[in-house]
Amino acid sequence: MPSTLSYDEADHDARRARQWLSGRARGTGVSRTDLVELGAAMSALAAAADERGPVALAADPVGVDPGIVKPLAAEMLTPLDGNAEMRWESMAGQGYVVPTDRFFVRNHTRTPRLDAATWRLRLHGDGLRGAPTRDAPVEFGYDDLRALPAVEIPALVECAGNGRHFFAAQQGTPTPGVDWRLGGVGVARWRGVRLATVLRQAGLTADVVDVMPEGLDPEYVTGGVNLGRVRRPLPIRKALDDVLLAYEMNGAPLPPDHGFPVRVVVPGWIGISSVKWVGAVEVSTTPLFSPWNTRFYRMFGPGRPVGGGPVEAQPVKSAFELPWAARLPSGTEVTLTGRSWSGAGPIDRVEVCTGDGWRPAELVEADRGGPWQRWRARWRPPTPGRWTLRARAVDVTGAGQPERARHNDLGYLFDGVVRHPVTAV
Ligand SMILES: Nc1nc2c(c(=O)[nH]1)N[C@H]1C(S)=C(S)[C@@H](COP(=O)(O)O)O[C@H]1N2
Ligand SMILES: [Mo]
């Protein structure tokens, strides 16, 4: 179940930034200027970061992506510049979780092939008081982790850029980055050991501030600059709360594309926090930085703080389990199904609009309190022609979905009501 703790993200972020500027924080690959002179320049960098050529796609039903191991069945996944977006219609009639064959993939480079037998998780940093001396690394093998107490939770992983397409398509303000519609999200059952268990076993000092997991996939090079391995710090409070080191997804060992042998799962937080193929975790008594919390995955733009605002929890979104665009029979009653979710807590209520005002959707009771909520609503398209379907949800914190999402230069956290086109025939 989602955590009920709330974090003052802005507070933690501001503290990080103050310590950074006073020279008390560290971050390889991040310069002081990055934080002082952020703004438009950062958008340009991010734009360069996403300038990777489109992946050639065969017309046959199973696509191949050179950076992704699993087959991309055309009815389940749409290739998107080296990533793969889930097709929402493939969730109709499915259970609570997204089957692994259609779970979205977001890779900065490519899926590495790792061997669990030789894999090690290395914890290091001045926040450890493990043997033999402070600052010495502590290692765990795959079997060591599997021998620790296990937990299994349904958790939502969503790309911060999910819905970015609609900044351009609905609001006329395109932003750089992967052009996700709404399929950059999924809920899976993740089994593993709590990061807290491993951190405590390694031995924490009393003054730990941040922990930073790092992936074993290739270093990320963009615009001729090597930004190193994918990594992003987490405040210790979140790290000790509901974060998992997961080795199973939906009852099977993690598949290569989703982080084999072990990945981090940070429920409700932007996908980049859930580092795949984790190899090291830095534990630090001073705030940590990486390009993934300074150049990318911050809110830049008019009305945003100098240096950008933090991005941690996902906002509220809703999606219909229908093709884009859908064809439905006119004059016949159909059951529209969909799902809504929020990183801040469970969904409280959902409404749909088929053109004649908002009305409540019927919620699947079994999903109450979980990371996402299935719902349904009946509709009889009155006449042949084009229709627009809309859905919007409110979570338990009272957060809802505006008609128009607030702009940010990198196109994160789109929470606007999406207008889903339907042709009735
Ligand atoms: N090591 C590593 N971890 C990573 C990434 C990556 O490229 N490398 N991508 C991140 C991003 S941006 C997202 S949205 C999620 C996607 O997880 P998935 O591919 O299992 O759906 O993984 C995150 N973890
Ligand atoms: Mo992401």
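Note that ligands are numbered from 1 as they come in the structure, with each ligand's atoms numbered from 1 the same way.
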T111 and D257: side-chain donor and acceptor closer than 3.5 Å?
yes
Using 30° and 60° as the class limits, which term best fits the ring planes of Y220 and W292: parallel, tilted or perpendicular?
tilted
For residues 183-192, which residue pairs pass the side-chain hydrogen bond (donor to acceptor under 3.5 Å, both in side chains) check, not counting sequence neighbours?
E152-R189
Pairing donors with acceptors under 3.5 angstrom, does anything connect the side chains of W324 and E89?
no
Which residues pass the side-chain hydrogen bond (donor to acceptor under 3.5 Å, both in side chains) test with T100, sequence neighbours left out?
N250
Sort out the contact shell of ligand 1: every protein residue with a heavy-atom distance below 4.0 Å, listed by chain and number.
F103, F104, V105, R106, N107, H108, C159, G215, D217, V230, H258, R263, G271, I272, S274, V275, K276, W277, Y297
For Q94, enumerate each residue passing the side-chain hydrogen bond (donor to acceptor under 3.5 Å, both in side chains) test, keeping only those at least two apart in sequence or located in another chain.
none
